[in-house]
Amino acid sequence: MNFYCYNANFLRELAESLPRIRPDANIVHHVALLQRLADNELAGAERIDAVRAMVAAARADTRPYMDSATVLEMLRTGLAPMPSK
């Protein structure tokens, strides 16, 4: 569990407890704000998880490596890469 999820859980618990902690007329606005912040934290967690998955996939990639000079030359000449034997 990353810190984004921890923060989101804390914000949701605070939003649920806020009416008991501080009852006033603007409490609905404050609760909605805390819920929105919690949603943003969860979205951050999802982005971090997606990036971690992409990094793991890139590290697990076993395709042959081509340096940037080779790629540039292929783009300039319009040639497809030669199959390796």
Side-chain angles (χ1 to χ4, degrees):
M1 178 183 241
N2 60 35
F3 65 92
Y4 288 100
C5 292
Y6 176 80
N7 288 345
N9 288 335
F10 172 77
L11 289 168
R12 291 214 192 281
E13 289 175 10
L14 182 59
E16 291 172 5
S17 303
L18 196 58
R20 291 188 311 274
I21 297 170
R22 185 174 179 222
D24 64 15
N26 293 326
I27 199 67
V28 173
H29 174 70
H30 296 293
V31 168
L33 178 62
L34 288 170
Q35 293 288 354
R36 200 167 47 232
L37 288 172
D39 291 341
N40 288 343
E41 289 293 314
L42 287 176
E46 290 172 1
R47 285 190 300 274
I48 293 292
D49 289 343
V51 169
R52 285 184 177 150
M54 286 187 274
V55 168
R59 288 181 177 158
D61 189 358
T62 58
R63 293 180 291 181
Y65 173 77
M66 282 193 290
D67 61 5
S68 57
T70 305
V71 172
L72 286 173
E73 184 60 32
M74 287 172 48
L75 290 172
R76 280 191 203 110
T77 61
L79 297 176
M82 296 290 198
S84 58
K85 294 183 179 184

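Because only heavy atoms are used, hydrogens play no part in the values below, and waters and symmetry mates are left out as well, while side chains stay in. On a predicted model such as this, the values are computed, not experimentally measured, just so you know. For reference, positions follow the sequence shown, starting with 1.
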Expected list for residues 11-29: side-chain donor-acceptor pairs under 3.5 angstrom, two or more places apart:
unit_1	atom_1	unit_2	atom_2	d
Arg12	NH1	Gln35	OE1	2.4
Arg12	NH2	Asp39	OD1	2.5
Ser17	OG	Glu13	O	3.0
Ser17	OG	Arg20	NH2	3.2
Asp24	OD1	Asn26	N	3.2
Asp24	OD1	Ile27	N	3.1

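- With sequence neighbours left out, Arg63 forms a side chain to side chain contact (heavy atoms under 4.5 Å, CB included) with Asp61.
- Chaining together hydrophobic side chains whose heavy atoms lie under 4.5 Å apart leaves Leu42 on its own.
- By the side chain to side chain contact (heavy atoms under 4.5 Å, CB included) test, Ser68 is found to be paired with no residue, residues two or more places apart in sequence or in another chain being considered.
- When the salt bridge (charged side-chain N to carboxylate O under 4.0 Å, His left out) test is applied to Asp67, no partner is found at least two apart in sequence or on another chain.
- In this structure, Tyr65 stands alone, with no Ile, Leu, Val, Met, Phe, Trp or Tyr side-chain heavy atom under 4.5 Å from its own, directly or through other members.
- Glu46 pairs by the side chain to side chain contact (heavy atoms under 4.5 Å, CB included) definition with nothing, not counting sequence neighbours.
- Under the side chain to side chain contact (heavy atoms under 4.5 Å, CB included) criterion, Arg52 pairs with Asn2, Ile48, Asp49, not counting sequence neighbours.
- Hydrophobic clustering, with ILVMFWY side chains joined whenever heavy atoms are under 4.5 angstrom apart, keeps Tyr6 apart from Leu37.
- The minimum heavy-atom distance between Thr70 and Met66, with the atom names listed, is CG2-SD, 4.1 Å.
- Residue Ala45 comes nearest to Cys5 through the heavy atom pair CB-SG, 3.8 Å, listed as atom of the first residue, atom of the second, then distance.
- Taking OH of Tyr4 as the reference point, atom CG of Asn9 lies at 15.0 Å (rounded to 0.5 Å).
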